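Chain identifiers are assigned alphabetically (A, B, ...) following the order of the sequence lines, protein sequences preceding nucleic acid strands; residue numbering begins at 1 within each chain. These numbers come from the heavy atoms of this one structure, side chains and all, not from hydrogens, waters or symmetry mates. Here the structure is a predicted model, which means the values were calculated and not measured.
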Amino acid sequence: MAFSIYKYASPMTFYGLAGKLIPWFAWGAGILTVLGLYIAFFMAPTDFQQGEAYRVIFIHVPAAWMSMFIYIIMAFWSAVGLAWNTRLSFMMSRALAPTGAVFAFLSLWTGALWGKPMWGAWWVWDARLTSSLILFFLYVGIMALWSAIDDRRRSDRAGALLILVGAINVPIIYFSVKWWNTLHQGASVSLMKSPSMASIMLIGMLVLAIAAWFYAIATALTRVRGIILERERQTEWVKELLEKI
Amino acid sequence: MLHFLLTVIRRDLLLAARRKGDWLTSQFFFIMVVSMFPLGIGPEPEMLRRVAPGVMWVAALLASLLSLSRLFAEDYRDGSLEQMLLSPEPPVLLALGKALAHWLIYGIPLLLIAPVLGLQFGLPADVIGVLMLSLLIGTPVLSLLGGVGAALTLGLRGGGVLLTLLILPLYVPALIFGAGAVDSALAGLGPEANLSLLAAFAVLTLMVAPWVAASALKISIE
């Protein structure tokens with residue numbers, strides 16, 4: 001029998017697959033987080049310009065990456081769902097949104113914590129901070145739209161459309177904010193001023209970035225399992241599954 | 001096809017002309033929001049001149065959102081929206097016509113009120129000209145993008161606030177370039193760069209938004 005990836009486009013088979021994958025990603029995320037934090041706090045040297053405060057970078061950068069990356073994945077699933085009308089795609093983008101919003105919020109928060117010792121202010125209207133804030137607003141808007149529509153089919157498709165419009169608009173927003181920022185304040189402090197990071201710092205950051213990936217995958221899969229159960233509750237296989245418990 | 005577009009626009013203009021109360025509410029909202037700012041931040045002419053472009057533009061965004069929540073609502077309630085979507089004419093033209101009508105009804109008056117408010121904020125005459133030009137290019141963007149939001153939130157509870165939540169982040173480029181053009185005119189730099197970018201954003205919106213709004217309408221109706 002040929003292995004077919006399309007088999008897992010059915011919520012029933014995907015439910016089982018997700019169940020098998022979750023422990024791997026969850027444990028992977030846990031172990032990598034511990035490892036990454038050890039590198040970050042004990043092995044990475046103190047930065048000669050920024051002192052100890054720079055260590056926020058180890059959380060801040062992975063969170064900021066993930067907040068943007070999850071939005072792209074959501075846009076991908078939305079496009080797939082609208083094009084081929086696959087149920088699972090909409091469930092995936094729905095399961096990803098809260099994780100993306102959490103990462104966006106985390107990147108704003110750690111950005112503020114980092115900004116205070118570095119720039120002397122909790123908040124600077126820097127291009128990156130501002131566009132992360134707008135990305136966070138987009139996540140909130142999408143989740144608000146989902147929760148406002150009771151009809152499932154309409155809510156899925158309306159949300160997907162909004163995500164895609166946002167995906168077209170995000171680069172434009174980023175460049176307009178960047179341009180606005182340089183016009184109003186002159187070039188601001190760049191986050192990545194040091195041209196070469198110590199390689200151990202880079203390794204720590206990458207380990208934590210992978211940990212953030214694993215965490216995002218594990219939470220999204222857990223959430224998608226819940227959504228599958230909720231939506232397929234009238235089917236036979238879910239009834240059988242629930243009887244077993 | 002052009003005939004259908006013109007019919008949609010004419011119908012909305014006629015409806016607005018017969019119901020002047022709705023129309024005036026939105027214009028007075030704009031005037032009042034702008035007039036609240038000097039009361040809030042103090043009457044120093046120098047400061048008022050500095051904040052005028054931003055205040056004017058933010059008030060324009062809010063005023064357009066206020067009227068946008070009604071863009072399809074009436075037609076949806078009496079069933080005529082469904083009939084128009086069932087007709088053989090392409091729904092894109094319906095969405096485009098609705099947005100253009102909204103611009104004519106609500107965008108153009110903002111353009112005409114803005115100079116008076118500009119005088120209240122002590123803007124020089126040539127800067128007022130730039131303000132009007134930026135609103136002329138920018139308000140179609142507000143109507144077109146807002147049409148997408150209005151179609152997505154059609155018939156939902158709390159639709160107006162939800163519409164604001166969805167669409168306000170998407171308005172950011174228009175706000176930045178529009179207010180930026182007036183700002184740079186105030187600072188003595190040329191507003192051309194900002195106006196060109198605003199026009200580019202307007203063209204892009206015109207190319208994408210009607211299609212998205214049409215599919216949003218189909219999603220909301222079915």
Side-chain angles (χ1 to χ4, degrees), chain A residues 71 75 78-79 81-83 85 90 101 104 125 127 130-186, chain B residues 50 53-54 141 144-149 151-181 183-184 187 189 191 193-194 197-198 200-202 204-205 207-209 211-222:
Chain A
Y71 195 89
S78 302
L82 284 178
N85 211 0
F90 293 122
W125 288 95
T130 312
S131 39
S132 317
L133 182 69
I134 291 166
L135 183 66
F136 178 65
F137 287 162
L138 281 177
Y139 274 118
V140 172
I142 291 159
M143 290 195 286
L145 182 64
W146 275 331
S147 66
I149 309 180
D150 294 326
D151 180 62
R152 187 176 299 152
R153 187 178 151 78
R154 182 182 163 189
S155 126
D156 276 349
R157 301 170 73 82
L161 214 52
L162 183 64
I163 293 171
L164 286 178
V165 174
I168 301 174
N169 219 321
V170 160
I172 304 175
I173 292 175
Y174 177 73
F175 283 108
S176 64
V177 167
K178 203 170 158 183
W179 212 60
W180 161 80
N181 177 259
T182 49
L183 263 188
H184 281 243
Q185 310 188 336
Chain B
R50 271 194 46 72
V141 176
L144 285 164
L145 269 181
V148 175
L152 284 175
T153 57
L154 192 58
L156 300 182
R157 57 193 133 77
V161 184
L162 189 63
L163 174 72
T164 312
L165 215 59
L166 302 188
I167 295 302
L168 222 39
L170 302 181
Y171 277 173
V172 167
L175 171 65
I176 287 176
F177 298 139
D183 246 358
S184 45
L189 310 163
N194 271 303
L197 283 167
L198 184 62
F201 187 59
L204 183 71
T205 317
M207 289 194 306
V208 178
W211 274 266
V212 183
S215 27
L217 275 179
K218 275 186 261 172
I219 290 169
S220 295
I221 290 291
E222 73 180 19

Peer 1: To the nearest 0.5 Å, what is the distance between CZ on Arg157(B) and CG on Asp150(A)?
Peer 2: 4.5 Å
Peer 1: Given that the side chain runs from C-beta out, which part of Leu133(A) has a heavy atom under 4.5 Å from chain B: side chain, backbone, both or neither?
Peer 2: neither
Peer 1: Out of Leu165(B), Val212(B), Leu168(B), return the one with the most heavy atom pairs under 4.5 angstrom to chain A.
Peer 2: Val212(B)
Peer 1: What part of Thr164(B) lies closer than 4.5 angstrom to a heavy atom of chain A: side chain, backbone, both or neither?
Peer 2: neither
Peer 1: Could you give the side-chain donor-acceptor pairs of residues 171-181 of chain B under 3.5 Å, partners two or more places apart or in another chain?
Peer 2:
{"residue": "Tyr171(B)", "atom": "OH", "partner": "Leu142(B)", "partner atom": "O", "Å": "2.7"}

Peer 1: Working to the nearest 0.5 angstrom, can you tell me the gap between Leu145(B) CG and Asn169(A) CG?
Peer 2: 6.5 Å
Peer 1: Just verifying a value: how many Å separate Arg154(A) CZ and Leu152(B) CG, rounded to the nearest 0.5 Å?
Peer 2: 8.0 Å
Peer 1: Could you tell me which portion of Leu217(B) (side chain, backbone, both or neither) has an atom closer than 4.5 angstrom to a non-hydrogen atom of chain A?
Peer 2: neither
Peer 1: Answer with side chain, backbone, both or neither: which region of Ser147(A) has an atom nearer than 4.5 Å to a non-hydrogen atom of chain B?
Peer 2: backbone
Peer 1: Applying ring pair (Phe, Tyr, Trp, His ring centres under 6.0 Å), can you list everything that pairs with Tyr71(A), at least two apart in sequence or on another chain?
Peer 2: Tyr139(A)
Peer 1: Go through the atoms of Ile167(B) and report whether side chain, backbone, both or neither lie under 4.5 Å from a heavy atom of chain A.
Peer 2: neither
Peer 1: Which value, rounded to the nearest 0.5 Å, describes the distance between Leu145(A) atom CG and Leu162(B) atom CG?
Peer 2: 5.5 Å
Peer 1: Which distance, rounded to the nearest 0.5 Å, do you find between the CD1 of Ile219(B) and the CG of Asp151(A)?
Peer 2: 11.0 Å
Peer 1: Could you tell me which of Val208(B), Leu163(B), Leu154(B), Leu204(B) has the largest number of non-hydrogen atom pairs under 4.5 Å with chain A?
Peer 2: Leu154(B)
Peer 1: For Ser215(B), is it the side chain, the backbone, both or neither that has a heavy atom under 4.5 Å from a heavy atom of chain A?
Peer 2: both
